[in-house]
Each structure stands twice: as C-alpha cells, then as structure tokens.
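Notes to accompany the following structure.
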Amino acid sequence: MAAAVVLGGPAGWWRWHRRVRAARAAMVCSRAMASKTPVGFIGLGNMGNPMAKNLVKHGYPVIAYDVFPEACKEFQDLGAQVMDSPADVAERADRIITMLPSSPNAKEVYTGANGILKKVKKGSLLIDSSTIDPAVSKELAKAVEKMGAVFMDAPVSGGVGAARAGNLTFMVGGVEQEFDAAKELLTCMGSNVVYCGDVGTGQAAKICNNMLLAISMIGTAEAMNLGIRLGLDPKLLAKILNMSSGRCWSSDTYNPVPGVMEGVPSANNYQGGFGTTLMAKDLGLAQISATNTKTPVPLGSQAHQIYRMMCAKGYALKDFSAVFQFLREEETL
C-alpha cells in the first residue's frame, strides 16, 4: 500500500511498471545491436545500395567499398566505414556480401591484385549476390576454400523495389551447414531465403528465373502493343489480363506500358530498375548453360537476341521493360 501511495495509487504503479519494462527492453535492444559484428559490402549500385542500407537499418555496422567512390558517400553519412579496396574490406570484416555486375567483376573483386582473397581471414563467410556464370561461382568457391574461408552464391530476385523494401528472394548455394549463418544476414534484406544445394545452384535458379522473366516481359509487351493497336485502352487491357490466364509478374507488378502503373520504370521513361544490358547478360548466361547441358531453349534464345538488339539500338541503359518501346519503334520500320 505504501508503494501505491508513493507512486500515486494503482494508476501510478502501472505507469512506473511500463517505464521499467520499456527501460529493460531498450537495454536488451542496445546489447543486441552492440553484439552485431561489422559486415563488409562490396558493390553499391542500383541493387547493392538499398541492400546495404537495410543491413544498416537492422543495426549492422557496414564496411563498404565500390569502384566508384561517389557511390560510397551516402554510406559515410550513415556512419559506415569506406575502404579503398576489397582487400581492405576483408581485413576488417569476416562476413562480406558482394553485389557485382558480371563474372569478370566478381573474379576481380575476389581474386584480383587488391581482391578479397589477398587479406581474407580464415573462417570468413563470403556471400556473392551477383548474377554470374554458375561455373565461375564454383571456381571462386574453390579459391576461397583454399584460403580457409567459406563461399556461398546467393543471387537475388525482385528488383530495385524489393531491394528497397527488404523483400528480395535469395537463392542460396553452398555448404548446407553454413546456410543459417548466411540466412541471418540475408533475412535483413529479403523475405524469402531459399537453400538450393551446392555452390552454383543458386546461380542456376537465378538464370532460369531471369530467362522466364525476359520471355514473359516480351510476351506482355507484345500483347499490350497489339491490344492498343486494336483500339483497347491500355489500363483496361492490363486489368483484363491481370484477372485472366495471361496474368504474370510483368503484367501485374511491372507493366511495361507507360501510364498503366505508377512507381515502375515505364512510368519514368524506363529509368532505374533492371537494365537491358544486365538482362542481355543474364540471358547470355542461360544460353551458355543451355549449350553445356544440351538443353533446347528456343524462346530463351530469341529473348537473348531481342535484348542484344535493344542494346545495339540505344536501350542499353534503360530498364528491360523498355522492350515495349522497342517493339513500338520497330513496327514503324
């Protein structure tokens, strides 16, 4: 009773109790944040930038590097350490995520003169989220293993929007016993983290996904273009497609026709998003894998040719959904 009187009665007691609980929760949160060791992040482009930011949001100190110094300035403002080379990142972090444009870039970052392997610590976990040739992932894994570290391939799907929202899908290949350690970091950036098997299987899943994405985007662009030429309102046509059997991600989430959806590259002159050059590169990887496995991929091959033509005709830096614009221009020739 005395305590209740001092605290201002029952209501005061409950206020005091809530403050104590809040203080304890803050202490626990502070300890958890302090216990998070730094994570290296190499490659701060359209995808890497929001991915690294989500690590920061989850309380991980980030040690960053990008070949373009201006890409790092934003992370300095967020309190990240910025290094002069991948080797310097490896010297300071025993968990590193890489997000790079191509196989040659990945080789340079890992095995180059100032690469990760020059200063990697034994027992380090190296996660590559680039989309590269599965054979290159296996090659890098062997080089990393010789240094006493662990390599996992973990390419992503979902695009820049999902990267910003932390809703990416990660397809992970590597030693299964290390999957939980990788998942701890990847769940800060994605809502789906799927173990696929040995090193290289993550890349295999990714190039199959992107081949299908390219085919479906071309199909959506063709259908929308035909409907418009037949006199249909594009928003109405998109609505019908999205409640019918033609529905797909390219039609209902990333529609390629300007004015149909907001917040997608087609609403911004095809700026941002997933570049046509990168799609052509991924389709090339699918072609190499198809050749090596003697797998017929006629639509994948045709999609590869279309995106290569787009690159040659000035679309290289535009989002891959610009295939709609490309088709519209081709019809006038």
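Note that the numbering runs from 1 along the sequence shown for the chain. Nothing here was measured: the structure is a model prediction, and the numbers come from that model.
Hydrophobic cluster membership is shared by Met310 and Leu299, with clusters built from Ile, Leu, Val, Met, Phe, Trp and Tyr side chains linked at under 4.5 angstrom. Under the 4.5 Å side-chain heavy-atom criterion for ILVMFWY residues, a single connected hydrophobic cluster contains both Leu237 and Val264. Residues Val67 and Ile97 are members of separate hydrophobic clusters, defined by side-chain heavy-atom contacts under 4.5 angstrom among Ile, Leu, Val, Met, Phe, Trp and Tyr. In the hydrophobic clustering of this structure, Ile207 does not group with Met171; members are Ile, Leu, Val, Met, Phe, Trp, Tyr whose side-chain heavy atoms approach within less than 4.5 Å, directly or through other members.
Applying the 6.0 Å contact sphere to CG of Leu317 captures no more than 12 heavy atoms from other residues, nucleotides or ligands. Within a 6.0 Å radius of CD in Glu70, more than 12 heavy atoms belonging to other residues, nucleotides or ligands are found. Other residues, nucleotides and ligands contribute more than 12 heavy atoms inside 6.0 Å of the CD atom of Gln271.
A distance of 10.0 Å separates OG in Ser129 from CG in Leu185, rounded to the nearest 0.5 Å. Distance CG/Asn54 to OG1/Thr187: 11.0 Å, rounded to 0.5 Å.
The closest donor-acceptor contact from the side chain of Ser130 to the backbone of Pro101 lies at 3.5 Å or more, if one exists at all. A distance-only check finds no donor-acceptor pair linking the side chain of Thr201 to the backbone of Gly173 [under 3.5 Å]. A donor-acceptor contact shorter than 3.5 Å is absent between the side chain of Glu91 and the backbone of Lys119. With hydrogens and angles disregarded, a donor-acceptor distance shorter than 3.5 Å links the side chain of Arg92 to the backbone of Asp88. Ser137 places no side-chain N or O within 3.5 Å of a backbone atom of Val199 that could act as its donor or acceptor partner. Checking side-chain atoms of Asp233 against main-chain N and O of Lys235 turns up a donor-acceptor pair under 3.5 Å. No donor-acceptor distance shorter than 3.5 angstrom exists from the side chain of Asp319 to the backbone of Gly275, with no hydrogens or angles considered. Between the side chain of Lys206 and the backbone N or O of Val156, at least one donor-acceptor pair lies under 3.5 Å. With Ser124 contributing its side chain and Lys121 its backbone, the two residues share a donor-acceptor pair below 3.5 Å. Of the possible polar contacts, none joining the Asp153 side chain to the Ile127 backbone as a donor-acceptor pair under 3.5 Å is found.
With contacts defined as side-chain heavy-atom distances shorter than 4.5 Å, the pair Ser321/Tyr254 qualifies. The side-chain heavy atoms of Pro61 and Val39, taken from C-beta on, include no pair separated by under 4.5 Å. Put simply, the side chain of Ile96 reaches to within 4.5 Å of the side chain of Ile42, judged on heavy atoms. At least one side-chain heavy atom of Asp133 sits under 4.5 Å from a side-chain heavy atom of Ile288. Here the side chains of Lys281 and Thr131 are in contact, with some heavy-atom distance below 4.5 Å. Residues Leu126 and Met152 fail the side-chain proximity criterion, which asks for heavy atoms closer than 4.5 Å. Annotation: side chain of Pro38 is not in contact with side chain of Tyr60 (no heavy-atom distance under 4.5 Å). You'll find the side chain of Ile132 reaches within 4.5 Å of the side chain of Leu140, heavy atoms only.
With respect to Glu74 and Lys53, a salt bridge is recorded, a charged nitrogen being found less than 4.0 Å from a carboxylate O. Ionic pairing of Lys183 and Glu178 is not present here: no N-O contact between side-chain nitrogen and carboxylate oxygen is shorter than 4.0 angstrom. Taking 4.0 Å as the cut-off between side-chain N and carboxylate O, Asp252 and Arg247 count as a salt-bridged pair.
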Might you work through the salt bridge (Lys or Arg N to Asp or Glu O under 4.0 Å) test for Glu184 and Lys36, ending with a clear yes or no?
-> CA-CA 11 Å; Glu184 175 195 331; Lys36 290 182 178 178; over 6 Å; no
Determine, stepwise, if the pair Tyr270 / Phe320 fulfils ring pair (Phe, Tyr, Trp, His ring centres under 6.0 Å).
-> CA-CA 8 Å; Tyr270 300 103; Phe320 80 107; 10.0 Å; no
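The ring of Tyr110 has its center closer than 6.0 angstrom to the ring center of Phe151.
No donor-acceptor contact under 3.5 angstrom links the side chains of Tyr65 and Gln81, judged on distance only.
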